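All remarks here apply to the structure that follows.
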Amino acid sequence: MSEPVPILLLSYDLRFGGSERQLAEVAQHLDRDRFAPHVGCIRLQGGRRGELERAGVPLVEFSFPSFASRHCLAAGWRLSTYIKRHRIKLLHSFDVPGTMFGIPFGFVSKVPVVLSSQRAFRELASGYERRLLRFTDRLVDGVVVNSANLRAHLETSDGLSQAKTTLVYNSVDLERFTPGPGAEVLPECSVVIGSTAMLRPEKGVADLVEAFASVAALDSKVGLLLVGSGPLYEPIKARINELGLSKRCHMAGGVTDVRPWLRRMDIFVLPSLSEALSNSLLEAMATGCTAMATEVGGNPELVREGETGLLFEPGNAKQLGVKLHSLIENDELRKRLAASGQTFVRQKFSRASSLGAMADLYSQHLARVRAV
């Protein structure tokens with residue numbers, strides 16, 4: 001039997017974000033008979049580091065202060081040396097910093113297969129970042145995307161042909177994200193609306209707060225649970241206080257394990273203004289929450305209106321409030337959508353399915369190189 005192929009997966013760091021989670025999934029659970037994963041970071045820090053170390057995945061840091069610094073070139077030299085020393089046959093970047101740093105140096109180092117990822121819409125990137133990403137598009141053998149909508153958008157907005165992109169959906173750990181006892185918060189509330197997100201403007205959580213205010217005025221037993229930290233944490237907290245809703249809202253901040261918080265939510269709302277394919281939404285649906293999401297990006301690929309959840313217009317707090325009220329008033333509808341959404345995610349977004357697609361993609365590119 002042939003030796004496992006050494007591959008290097010790159011990201012900025014190892015926090016609990018969506019891209020970092022997908023990298024960790026691949027690094028830990030890819031077939032070790034076929035691949036020998038290494039993980040490289042610009043900053044070797046974050047909550048995923050411990051789990052990767054326990055899994056025996058080799059970790060390496062290529063630290064530098066900024067892309068404009070001369071230290072970036074030195075870090076690139078260290079990357080090139082690492083590639084040659086460990087005979088890396090495939091390099092795959094999972095986020096924007098990993099792509100901007102790793103792809104040019106991987107190309108120059110003549111790694112046989114160089115892949116990047118695009119897991120969010122590029123409108124969120126700066127002009128400089130977007131120009132560099134378009135440059136790396138020409139260097140890579142392929143770009144992995146996580147939603148069909150994003151794939152089509154990249155062709156239209158950045159001229160990236162669909163022949164060069166491959167859709168590999170995010171996965172959810174179906175053994176971990178299951179119904180069960182929830183966090184002991186909001187004990188007086190019979191229906192809890194919730195969301196898990198980084199509290200940044202594009203996540204639209206402020207719209208959820210306004211929509212909650214409208215349903216709270218109609219039902220005294222409804223509560224709001226927000227999980228996540230970020231620059232808008234204090235402004236959102238202040239707005240909740242201003243609306244007189246502090247006793248019916250709980251802000252958990254950043255957490256290392258979202259499962260007990262999801263299990264306390266009856267209705268999960270993803271109010272993002274921009275989204276490719278949301279790990280948070282996948283996790284909530286797998287846990288058994290009734291799903292609501294904005295009609296943007298890949299959200300409709302998960303939430304099928306009236307079938308696996310409900311959709312609403314981004315930024316439309318009034319429409320969100322109306323649809324929330326319809327779910328609060330109709331237990332049968334809420335439970336039907338939750339059950340349908342859970343079944344859909346468990347059938348289509350398993351870890352085995354996602355890892356199998358990624359392994360097949362790697363093998364196809366490596367086979368093509370060997371055939372040349």
Side-chain angles (χ1 to χ4, degrees), residues 16 177 179-273 278 280-281 283-285 287-294 309-310 312-335 337-338 341:
F16 284 107
F177 289 94
E184 296 182 0
V185 296
L186 301 171
E188 303 299 320
C189 297
S190 57
V191 177
V192 174
I193 300 163
S195 191
T196 62
M198 287 294 293
L199 300 181
R200 301 190 300 257
E202 71 271 15
K203 293 300 182 180
V205 177
D207 296 323
L208 173 56
V209 171
E210 299 301 322
F212 174 71
S214 69
V215 297
L218 300 173
D219 192 324
S220 61
K221 294 296 184 180
V222 178
L224 178 65
L225 174 55
L226 300 178
V227 180
S229 59
L232 293 186
Y233 182 92
E234 291 301 330
I236 287 173
K237 183 178 181 180
R239 180 56 178 160
I240 289 171
N241 290 335
E242 181 184 336
L243 291 167
L245 297 172
S246 57
K247 291 184 179 180
R248 297 171 62 182
C249 299
H250 183 88
M251 296 186 70
V255 301
T256 56
D257 186 358
V258 300
R259 289 176 297 168
W261 304 97
L262 287 173
R263 289 166 182 161
R264 183 63 185 100
M265 300 175 192
D266 299 288
I267 303 169
F268 179 89
V269 180
L270 184 74
S272 303
L273 306 180
S278 169
S280 296
L281 187 56
E283 291 166 354
M285 293 172 74
T287 302
C289 301
T290 304
M292 294 189 66
T294 46
L310 297 179
F312 59 97
E313 297 173 0
N316 192 335
K318 182 177 179 180
Q319 185 189 54
L320 172 56
V322 170
K323 290 201 169 189
L324 279 171
H325 186 63
S326 71
L327 289 177
I328 293 164
E329 291 292 295
N330 192 333
D331 289 349
E332 183 180 346
L333 173 63
R334 192 169 69 245
K335 291 175 181 177
L337 293 176

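These numbers were taken from a predicted model, which means no experiment stands behind them.
Put simply, the side chain of Asp266 does not reach to within 4.5 Å of the side chain of Thr290, judged on heavy atoms. Side chains of Thr196 and Phe268 form a contact here, defined as non-hydrogen atoms less than 4.5 Å apart. In this structure the side chain of Asn316 never reaches within 4.5 angstrom of the side chain of Leu320, judged on heavy atoms. Between Leu310 and Ser326, some side-chain heavy-atom pair lies under the 4.5 Å cut-off. Between Val209 and Leu226 the shortest side-chain heavy-atom distance falls below 4.5 Å. Looking only at side-chain heavy atoms (C-beta outward), Ser272 and Ser278 stay at 4.5 Å or farther from each other. Looking at heavy atoms from C-beta onward, Ile267 lies in side-chain contact with Ile328 at the 4.5 angstrom threshold.
Here Asp331 contributes atom CG and Ser190 contributes atom OG; the two are 8.5 Å apart, rounded to the nearest 0.5 Å. A distance of 11.0 Å separates CD1 of Ile240 from NE2 of His250, quoted to the nearest 0.5 Å. Here the CD atom belonging to Gln319 is positioned 4.5 Å from the CD atom belonging to Glu313, to the nearest 0.5 angstrom. Distance check: Asn330 CG to Lys335 NZ gives 10.5 Å after rounding to the nearest 0.5 Å. Atom OG of residue Ser214 and atom NZ of residue Lys318 lie 10.0 Å apart, to the nearest 0.5 angstrom.
Heavy-atom minimum distance, Arg259 versus Phe177: CG-CE2, 3.6 Å. Across Lys203 and Met198, no two heavy atoms sit closer than the pair CG-O, 3.0 Å. Heavy atoms only, all atoms of each residue included: Leu324 and Ala211 are closest at CD1-CB, 4.2 Å. Between Ala317 and Glu210, the shortest heavy-atom contact is CB-CB, 4.0 Å. Listed here is the closest heavy atom pair of Leu270 and Phe312: O-CZ, 4.0 Å. Residues Met292 and Lys323 approach most closely at CE-CB, 3.5 Å, considering heavy atoms.
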Evaluate side chain to side chain contact (heavy atoms under 4.5 Å, CB included) for Leu245 paired with Leu224, printing each intermediate quantity in order.
-> CA-CA 9 Å; Leu245 297 172; Leu224 178 65; over 6 Å; no
Residues Leu208, Ile193; criterion side chain to side chain contact (heavy atoms under 4.5 Å, CB included); working and verdict = CA-CA 9 Å; Leu208 173 56; Ile193 300 163; 4.1 Å; yes
For the pair Arg334 and Val191, evaluate side chain to side chain contact (heavy atoms under 4.5 Å, CB included) and give the outcome as yes or no after the intermediate values.
-> CA-CA 11 Å; Arg334 192 169 69 245; Val191 177; 4.1 Å; yes
Given Ile236 and Leu199, is the side chain to side chain contact (heavy atoms under 4.5 Å, CB included) satisfied, shown in steps?
-> CA-CA 9 Å; Ile236 287 173; Leu199 300 181; 4.2 Å; yes
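Checked against salt bridge (Lys or Arg N to Asp or Glu O under 4.0 Å), Glu242 has the following partners two or more places apart in sequence or in another chain: Arg239. In this structure, the salt bridge (Lys or Arg N to Asp or Glu O under 4.0 Å) partners of Glu202, at least two apart in sequence or on a different chain, are Arg200.
A donor-acceptor pair is defined here as one N or O able to donate and one able to accept, closer than 3.5 Å; such a pair exists between the side chain of Arg264 and the backbone of Val185. Of the possible polar contacts, none joining the Thr287 side chain to the Cys289 backbone as a donor-acceptor pair under 3.5 Å is found. In this structure, Ser195 contributes its side chain and Val269 its backbone to a donor-acceptor pair below 3.5 Å.
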